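To start, the structure itself, in structure tokens.
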Amino acid sequence: MADKNSLYKKRIISELYFGTTLSSAEISDRIATSLPLSTKILNELIEEKVIEEAGYAPSSGGRRPMLYSLRPGSMYVVAVAMEQLVTRIVILDMAKKMVTELERFELQMPNNPNALAALADRIQAHIQLSGIDKEQIAGIGIGMPGFVDTARGMNYSFLASGEKSVTQFITDKLGIFTVIENDSSVVALAELRFGAARNKRNAMVINLGWGIGLGLILNGELFRGSFGLAGEFSHLPLFSNHKLCSCGKSGCLETEASMQVVIEKGIEGIKAGRLTRLKDLSSKKFDEASEMILREAEKGDKFAVELLSEAAYNIGRGVAILLHLLNPEVVVLGGRGAMAGKIWQAPVQQALNEHCIPRLAVGTGIEVSTLGFEAEWIGAAALVLENYGNDGAGENMRKKSPMLNYAL
């Protein structure tokens, strides 16, 4: 019974993290227990100073129910957002507020056999510097590029982990529950729980970054596909441009619309004498160059706006294909590129007007994320709480999934 109570406690914590304030009746319904048992466990969590009473709900004609919420300083989550060359780490409390400064450091993922060990060391150092007892940390959530199988804790593109999974390697080293997910799915999870896709049954979240990622929300849940590898939007073969893509194929959407390509076209334009405030892009690292283009576009720089508009139109061509297949309620433009705001919307909509059946396009909203670049670590933290009350869920998923006997 003690183990079952512990599991119920974790599920209550998870529900309160996403629900903010809930009554005992609402909690009882969400964790599928009797009201007396959920009330008993709530009282135990209050005694343990994990949750607190948050006042009474508005009257609906009867007795006003007590609401409960998590104590902000009771527990923490380590959120890690990885790109191919740069990683960010931050610790958040149960109110989703940062309690450490966002740490940014260079970590090359491609062709780096030591990347996983280096990542674990940096996470450990960040926790130690925070002064937070690891017993107060609910878990470590990591969003990362590549072919990521969340159920097995594996990344088939990066972070060689030998006989162990990525999650087992970090858990064993730090003694803290760890879960990983593809970066675009992490962004989609953030939008589903806290952003523009909240309360949507079907949505597509475009992650505008190094490539063009896609997180799919189908029937109100994150859709990962049979092997956890759904959403490789970047590699739709849309062009006959004979440009080699990072996947080894040619003509992929990524070759005409990724932020990396936007930077390359910016460098070419500057060399050709285009009038612009953009300077020295060729001497800057990816994140610095992309942020400069996004910032100058926001300020109205004509060339910067042209660069993003061309990329957005090409992305819209890809979105048109997905609309014909999935018919979502909303398409959310998120990730790093969302920093440029509504500059993305008109070109994407133009592409939909030209390439999509009107009846499909007219019912789908095109929204820019309000979470922006922060979605990566907001989603990484949410990933931990999504899995916090599901002991053994990963093992169950492994039993249901066919084995991957090949390298991707």
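In this chain, numbering begins with 1 at the start of the sequence shown. On a predicted model such as this, the values are computed, not experimentally measured, just so you know.
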Cation over ring face, Lys40 and Tyr8, 6.0 Å, 45°: no
Hey, are Thr364 and Glu329 close enough side-chain-wise for a donor-acceptor pair under 3.5 Å? no
Considering all heavy atoms, the nearest Gly211-Glu254 contact: CA-OE1, 4.2 Å
Inspect the surroundings of OH in Tyr56 and state if more than 12 heavy atoms from other residues, nucleotides or ligands are less than 6.0 Å away. no
Answer yes or no: are there more than 12 heavy-atom neighbours, outside Glu221 itself, under 6.0 Å from its atom CD? no
Any luck finding a side-chain donor-acceptor pair between Gln350 and Glu354 under 3.5 Å? yes
Can you name the residues that form a ring-ring contact (aromatic ring centres under 6.0 Å, His included) with Phe177, not counting sequence neighbours? none
Mind running side chain to side chain contact (heavy atoms under 4.5 Å, CB included) on Ile13 and Tyr388 for me, showing each step along the way? CA-CA 8 Å; Ile13 289 167; Tyr388 190 59; 4.0 Å; yes
Measuring from Gln345:CD to Glu367:CD, what's the distance to the nearest 0.5 Å? 8.0 Å
Arg104 with Asp287: basic N within carboxylate O range, under 4.0 Å: yes
Indicate yes or no: at least one non-hydrogen side-chain atom of Met109 is less than 4.5 angstrom from one of Leu159. yes
For Asp133, I'd like to know if atom CG has over 12 heavy atoms of other residues, nucleotides or ligands within 6.0 Å. yes
Taking the side chain as every heavy atom from C-beta outward, state whether Tyr313 and Val348 have any atom pair closer than 4.5 Å. no
Do side-chain atoms of Ser28 reach the backbone of Ser24 as a donor and acceptor pair under 3.5 angstrom? no
Within-4.5 Å side-chain heavy-atom neighbours: Ile357 and His324: yes
Closest non-hydrogen atom pair, Leu383 against Ile142: CD2-O, 4.2 Å
So, Thr276 versus Glu296: side-chain donor-acceptor pair below 3.5 Å or not? no
Among side-chain atoms of Asn241 and Thr255, is any donor-acceptor pair under 3.5 angstrom? yes
Got a second to check how far Phe239's CZ is from Arg317's CZ, nearest 0.5 Å? 4.5 Å
Could you walk me through whether Val50 and Met75 satisfy the side chain to side chain contact (heavy atoms under 4.5 Å, CB included) test, starting with their C-alpha distance in whole Å, then the side-chain angles of each, then the deciding distance to 0.1 Å, before giving a yes or no? CA-CA 7 Å; Val50 174; Met75 298 174 64; 4.1 Å; yes
Taking Lys134 for the side chain and Ile127 for the main chain, is one N or O donor matched with an acceptor at less than 3.5 Å? no
Less than 4.5 Å apart, any side-chain heavy atom of Thr33 and any of Ile41? no
Shortest non-hydrogen contact from Asn314 to Leu253? O-CD1, 3.4 Å
On a heavy-atom basis, which atom in Phe18 and which in Ala382 lie closest, and how many Å separate them? CZ-O, 3.5 Å
Where is the tightest heavy-atom contact between Ala257 and Ile315, given as atom of each residue plus distance? CB-CG1, 3.8 Å
Glu15 bridged to Arg11 by N-O distance under 4.0 Å: no
Give a yes or no on whether a salt bridge exists between Lys9 and Glu44, defined as a side-chain N under 4.0 angstrom from a carboxylate O. yes
In short, Ile180 meets Thr150 closest at the heavy-atom pair O-OG1, 3.1 Å
With side chain to side chain contact (heavy atoms under 4.5 Å, CB included) as the test, would you mind laying out the steps for Glu191 and Leu371 before giving the verdict? CA-CA 8 Å; Glu191 297 295 343; Leu371 302 178; 3.9 Å; yes
Do the side chains of Lys265 and Glu310 get close enough for a salt bridge, i.e. N-O under 4.0 angstrom? yes
Any non-hydrogen side-chain atom of Ser130 less than 4.5 Å from a side-chain atom of Thr100? yes
With a 3.5 Å distance limit and no angle check, can you tell me whether Asp29 reaches the backbone of Ala25 through a side-chain donor-acceptor pair? no
Count the heavy atoms belonging to other residues, nucleotides or ligands that lie under 6.0 Å from CG of Leu275, then report whether that count exceeds 12. no
Tell me whether Asn155 contacts the main-chain N or O of Pro145 through its side chain, where contact means a donor paired with an acceptor under 3.5 Å. yes
First locate atom CG of Leu102, then atom CD of Glu374, and finally report the distance between them rounded to the nearest 0.5 Å. 8.5 Å
Taking Phe373's backbone N and O only, do any of them form a donor-acceptor pair with Glu376's side chain (distance below 3.5 Å, no angle check)? no
OG-CZ distance between Ser165 and Arg152, expressed to the nearest 0.5 angstrom: 11.0 Å
If I take atom CD1 from residue Ile31 and atom NZ from residue Lys10, how far apart are they, to the nearest 0.5 angstrom? 14.0 Å
Derivation and outcome, salt bridge (Lys or Arg N to Asp or Glu O under 4.0 Å), residues Asp121 and Lys173: CA-CA 9 Å; Asp121 288 342; Lys173 185 176 178 66; 3.3 Å; yes
If only atom types and distance count, is the side chain of Asp280 paired as donor or acceptor with the main-chain N or O of Ser283 below 3.5 Å? no
Are the side chains of Pro328 and Leu323 in contact, using a 4.5 Å heavy-atom criterion? yes
State whether the number of non-hydrogen atoms from other residues, nucleotides or ligands found under 6.0 Å of Lys302 atom NZ is greater than 12. no
Within a strict 4.5 Å, meaning less than it, do heavy atoms of the Phe158 and Gln84 side chains meet? yes
If you measure from CD1 on Ile91 to CD1 on Ile137, what distance do you get to the nearest 0.5 Å? 5.0 Å
Backbone of Val187 reached by a side-chain donor or acceptor of Asn207 within 3.5 Å: no
Charged N to carboxylate O below 4.0 Å: is that the case for Arg30 and Glu26? no
Applying side chain to side chain contact (heavy atoms under 4.5 Å, CB included) to Ile217 and Asn202, what does each step give before you reach the verdict? CA-CA 5 Å; Ile217 297 162; Asn202 300 293; over 6 Å; no
Can you list, pair by pair, the side-chain donor-acceptor contacts under 3.5 Å of residues 330-340, counting residues two or more places apart and other chains?
residue: Arg336; atom: NE; partner: Glu83; partner atom: OE2; Å: 3.4
residue: Arg336; atom: NH1; partner: Glu291; partner atom: OE2; Å: 3.2
residue: Arg336; atom: NH2; partner: Glu83; partner atom: OE1; Å: 2.6
residue: Arg336; atom: NH2; partner: Glu83; partner atom: OE2; Å: 2.7

